[in-house]
Amino acid sequence: TDSFTAEVWIKPTTFSLGDPVPILYATGSAGQPVFQITLTGTTNSTTVLTAIVYDSIASKSLALSPSLIAINAWHHVALVYNSASLSMMIFVNGALQLSTVMLNAGLRTNATNVMVGYSSASGTYYNGFMSNFRLCNVVKYNANFTPPSYFTYDSSTMIWLRSPYLRYKITLFAGTGTIGDLDGDRLSAQFFGINGMVMDPTTKDIYIATLNKVRKLTMSTGIVSTVA
């Protein structure tokens, strides 16, 4: 129900014509979809960005980018939801593509799970590169802007991933946001120098590669442990 901004740098390398490719897919605590950003191929070398935000009665507001996104090139994409105006906006490379008002009252629910490059609904994966993903619980952009080359975090940041070293804050999944090297409950665990993450498609456990360790977040228990 809160405002949010989801943004990421992407460099898609391949996609199938007509098949939506997930960039971000967020669900609520009961598994219901909250928002998603996908790419849908129009030719073998270009694709269209689509953003969907689900409202409180489970219908959806859809925004389709008129700007084509070329493969093998970097693009900044952002989805903004404003809870005060019940509106959503999508941006490509800092340029506002479309702004639309949701037909019904408000966002369905707050997101508790955010999948990057994967959709649990379709079971499909994004093919390409991603850099600097950030999810904030405020409206970051209202008009055209110059995309930041990298993201910082502040009190509004819920998830912040930065490559090639993705730092240490992966809140919503785990981590206090304080630099450290501490296993235990996900709400008290600490990370430093995150190089990457991968999810086990069967157990949904998350493996996190740091500078000198591999850590595991067991989703069923919420425990972070060192495995290598």
Side-chain angles (χ1 to χ4, degrees), residues 1-13 15 20-27 33-43 45-55 60-103 106-108 110-111 114-119 126-163 166 169 172:
T1 57
D2 298 330
S3 297
F4 69 82
T5 299
E7 57 184 326
V8 65
W9 282 91
I10 63 171
K11 183 182 178 182
T13 54
F15 49 78
V21 175
I23 301 300
L24 301 174
Y25 183 71
T27 62
V34 178
F35 70 84
Q36 60 181 313
I37 303 175
T38 61
L39 297 173
T40 302
T42 56
T43 70
S45 59
T46 58
T47 182
V48 170
L49 182 75
T50 303
I52 299 175
V53 175
Y54 293 83
D55 69 22
K60 60 188 180 182
S61 292
L62 181 147
L64 189 68
S65 166
S67 296
L68 294 179
I69 292 178
I71 65 171
N72 297 315
W74 284 103
H75 304 274
H76 177 274
V77 299
L79 166 63
V80 177
Y81 169 71
N82 189 322
S83 61
S85 60
L86 300 182
S87 62
M88 61 179 289
M89 295 175 283
I90 56 172
F91 298 84
V92 175
N93 297 325
L96 178 62
Q97 302 296 300
L98 188 67
S99 177
T100 184
V101 176
M102 300 182 72
L103 297 178
L107 196 64
R108 170 187 283 186
N110 283 333
V114 180
M115 286 157 272
V116 181
Y118 172 73
S119 169
Y126 164 83
N127 291 313
F129 301 92
M130 288 188 180
S131 175
N132 289 285
F133 164 60
R134 180 171 64 179
L135 176 65
C136 302
N137 60 3
V138 296
V139 173
K140 285 285 186 182
Y141 312 115
N142 282 303
N144 292 352
F145 62 95
T146 299
S149 57
Y150 65 91
F151 304 145
T152 58
Y153 72 91
D154 54 30
S155 60
S156 71
T157 305
M158 296 184 291
I159 301 178
W160 175 60
L161 302 177
R162 179 180 173 186
S163 64
L166 297 180
K169 189 177 179 68
L172 273 193

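Remember, predicted model here, so these are calculated numbers, not experimental data. Residue indices begin at 1 and follow the sequence shown.
- The main-chain N or O of P22 is never found under 3.5 Å from a side-chain atom of T38 such that the two would form a donor-acceptor pair.
- In this structure, the separation between CZ on F91 and CG on L96 is 4.5 Å, given to the nearest 0.5 Å.
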Margin query: As a quick check of understanding, evaluate side-chain contact (heavy atoms from CB on, under 4.5 Å) for V138 and S3, giving each step before the final call.
Written below: CA-CA 5 Å; V138 296; S3 297; 5.7 Å; no
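- By the 4.5 Å heavy-atom criterion applied to side chains, P12 and Y126 are counted as neighbours.
- Rounding to the nearest 0.5 angstrom, the gap separating the OH atom in Y141 from the CD1 atom in I90 is 15.0 Å.
- With hydrogens and angles ignored, the 3.5 Å screen pairs a side-chain donor or acceptor of W9 with a backbone N or O of P148.
- Under the 4.5 Å side-chain criterion, counting only non-hydrogen atoms from C-beta, H76 is in contact with E7.
- The main-chain N or O of A95 is found under 3.5 Å from a side-chain atom of Q97 such that the two form a donor-acceptor pair.
- The main-chain N or O of A70 is found under 3.5 Å from a side-chain atom of H75 such that the two form a donor-acceptor pair.
- The shortest distance between side-chain heavy atoms of Q36 and V53 does not fall below 4.5 Å.
- Taken from CG in L79 to OG in S65, the straight-line distance is 12.0 Å, to the nearest 0.5 Å.
- In this structure a side-chain-to-backbone donor-acceptor pair under 3.5 Å is missing from N127 to T13.
- By the 4.5 Å heavy-atom criterion applied to side chains, I69 and V48 are not counted as neighbours.
- Between the CG atom of L39 and the CG atom of L49 there is a distance of 6.0 Å, given to the nearest 0.5 Å.
- To the nearest 0.5 Å, the span separating CG on N82 from CE on M89 amounts to 6.0 Å.
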Checklist line | Check against side-chain contact (heavy atoms from CB on, under 4.5 Å), L24 and F133 | finding: CA-CA 10 Å; L24 301 174; F133 164 60; 3.5 Å; yes
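- Counting heavy atoms from C-beta on, the side chains of W74 and I10 never come closer than 4.5 Å.
- In this structure, F35 has its ring center no closer than 6.0 Å to that of Y81.
- With hydrogens and angles disregarded, no donor-acceptor distance shorter than 3.5 Å links the side chain of S87 to the backbone of T100.
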